[in-house]
Amino acid sequence: MAERVFLTHPSLTLPSQPFPTTRMASTATAAIAASRIIPSATALSSSASRSFFSSSSTSRSSLKCLHLHSSSRISHLFVNQRRAEVRVSSGDYATVSSPKSLASDPDQLKSAREDIKELLRTKFCHPILIRLGWHDAGTYNKNIEEWPQRGGANGSLRFEVELKHAANAGLVNALKLIQPIKDKYARVTYADLFQLAGATAVEEAGGPKIPMKYGRVDVSSPEQCPEEGRLPDAGPPSPADHLRQVFYRMGLNDKEIVALSGAHTLGRSRPERSGWGKPETKYTKDGPGAPGGQSWTVQWLKFDNSYFKDIKEKKDEDLLVLPTDAVLFEDPSFKVYAEKYAEDQVAFFNDYAEAHAKLSNLGAKFDPPEGIVLDPSPKPQAEKFEAAKYSTGKRELSDAMKQKIRSEYEAIGGSPDKPLQSNYFLNIMIIIAVLALLTSLLGN
């Protein structure tokens, strides 16, 4: 079922009421309890859903993860729960060891991206994959220097202990969806796979190209997972203060908070899981995926700026507006950006792409340190000067010609602020020549 995205992440807002989470059945002895894997997705089917930085649960059709729903926390995209690495094998979870290789292989990353695109085309799980990436990265604390104690994008969300955090309810289903891809490409770390899935989901939903880099190192054990409580809520007593408290801790600012909130253009919220939204609306009754829930936008699998437009207008009762959504047009600082994005989708896309990339790098340790770029931008080449380009017959000189003339002028000591120094000898010779000409004319 589709899930809602993170925070006031683009769809990062989460409902204020915590989502109920189901108890994980024990599948091993107490001696290995800390490292066991979640037995089945069914155990989580009743867990609550959240927005991007909020938790979400899954139903029997959990693999149709279409509904990125809101949770009592904006941690819809951040999912925390207990620490035992999760894997899917024949429908069950099993403990697996972390890969010895620290860095991801570029070719395998590219192939994994193509498999993720196919997964999105068949499962419509864009919201929950975005939420998965956000929740892994959103635990970052800028005040802690040590890795991995500082949290962030380090693949810790694959462990049961973190998956059981209330904000991460239902994200086990996102792991079930991408685990076959991880099995296929063993030289891609979980930390990279989570962020690759989220960025690809945004782009495939019509959003901007995210300037991503890869090479994130995975944590190796559940003991390295962050404590619970680092992800945002959707309905706190003071929404603006809460958002700043959570996102400032990550090193993000007001513009980035608002831009990331725009991801709520994707996904929907289910009241039986999060306590927010309607059971069904005219926009969600037919799916895609499992029907039901309430979306923030009419086309809740299309990434655009309609989230800001709809919140500003508040004319459609079938569209969800959480306290952390409404505050974007109430807080003076937030409102500047929210108004801008409602009017200018290009500006929203540019700021969102930058904020998403920044979020995906929070707390990560890269190997190699500079990271791995899959789609490097081509280097601009210097344009050769061609006289024909400037011989257009137009009265107004082109900017290029003006710059060329300026360069030549400055090369001989000229400046726009002062005239060229006079050549007095030349001036005297010119005067003598003129006088001689006049004398000759008068003499004749």
Side-chain angles (χ1 to χ4, degrees), residues 2 4-15 51-54 68-70 74 76-77 126-127 130-131 134 201-203 205-210 232 234-235 238-244 246-247 252-269 276-278 281-284 294-359:
R4 175 186 178 186
V5 192
F6 170 89
L7 142 87
T8 30
H9 130 122
S11 52
L12 293 183
T13 18
L14 308 183
S51 70
F52 280 124
F53 275 123
S54 65
L68 254 183
H69 43 13
S70 88
I74 295 177
H76 179 163
L77 286 182
H126 305 68
I130 298 173
R131 181 178 168 231
W134 283 36
V202 169
E203 295 168 7
K209 177 71 176 178
I210 312 297
S238 178
D241 290 342
H242 176 70
L243 291 179
R244 289 191 172 99
V246 172
F247 289 94
L252 301 176
N253 57 34
D254 286 358
K255 181 177 77 170
E256 291 160 338
I257 291 173
V258 179
L260 290 174
S261 297
H264 275 147
T265 189
L266 301 177
R268 47 187 170 171
S269 173
W276 296 91
K278 298 179 179 180
T281 71
K282 60 179 176 286
Y283 305 123
T284 64
Q294 185 176 13
S295 59
W296 284 260
T297 61
V298 175
Q299 294 180 292
W300 47 271
L301 284 177
K302 179 182 179 182
F303 197 101
D304 55 22
N305 69 335
S306 59
Y307 166 78
F308 296 104
K309 294 180 179 179
D310 293 335
I311 292 178
K312 182 179 180 179
E313 296 176 357
K314 294 183 180 179
K315 294 180 179 180
D316 194 333
E317 294 183 354
D318 276 339
L319 297 180
L320 181 63
V321 179
L322 297 173
T324 42
D325 297 322
V327 75
L328 300 182
F329 283 91
E330 297 168 355
D331 180 87
S333 179
F334 289 159
K335 185 176 181 179
V336 172
Y337 303 108
E339 292 277 5
K340 177 182 178 180
Y341 299 153
E343 298 298 326
D344 189 344
Q345 179 168 287
V346 173
F348 165 52
F349 274 26
N350 290 338
D351 290 349
Y352 176 81
E354 183 179 344
H356 185 125
K358 181 177 179 179
L359 173 66

To check you understand the geometry: which heavy-atom pair defines the closest contact between [X] and [Y], and what is its length?
X	Y	result
A355	A259	CB-CB, 4.5 Å
L243	I257	O-CD1, 3.9 Å
A205	L301	CB-O, 3.7 Å
I311	D325	CD1-CB, 3.6 Å

Quick one: does [X]'s side chain get under 4.5 Å of [Y]'s, heavy atoms only?
X	Y	result
Q345	F308	no
W296	D310	no
P208	F303	yes

Apply side-chain contact (heavy atoms from CB on, under 4.5 Å) to residues Y341 and K255 and explain how you reach the verdict. CA-CA 10 Å; Y341 299 153; K255 181 177 77 170; 3.4 Å; yes
Can you tell me if NZ on K282 sees more than 12 non-hydrogen neighbours from other groups inside 6.0 Å? yes
Restricting to salt bridge (Lys or Arg N to Asp or Glu O under 4.0 Å), what partner residues turn up for K209, sequence neighbours left out? E203, D375
Set of salt bridge (Lys or Arg N to Asp or Glu O under 4.0 Å) partners for K278, sequence neighbours left out: D318
Return the [atom1] to [atom2] distance between [X] and [Y], rounded to the nearest 0.5 Å.
X	Y	atom1	atom2	value
K309	T297	NZ	OG1	12.0 Å
H242	F247	NE2	CZ	8.0 Å
E317	Q294	CD	CD	10.0 Å
W300	L320	CH2	CG	13.5 Å

For [X], what residues pass the side chain to side chain donor-acceptor pair (under 3.5 Å) criterion, not counting sequence neighbours?
X	result
K358	E256
D304	T265, S306
D254	R244, Y248, S333
N253	none

V258 and K340: CA distance, side-chain angles, deciding distance, side-chain contact (heavy atoms from CB on, under 4.5 Å) verdict: CA-CA 10 Å; V258 179; K340 177 182 178 180; over 6 Å; no
Partners of [X] by side chain to side chain contact (heavy atoms under 4.5 Å, CB included), sequence neighbours excluded?
X	result
E339	K312, F329, K335
E330	K314, A326, V327
V298	Y283, L319

Is the H356 ring parallel, tilted or perpendicular to the Y352 ring (thresholds 30°, 60°)? perpendicular
Return the set of residues passing ring-ring contact (aromatic ring centres under 6.0 Å, His included) with Y337 (not counting sequence neighbours), or none when no residue passes. none
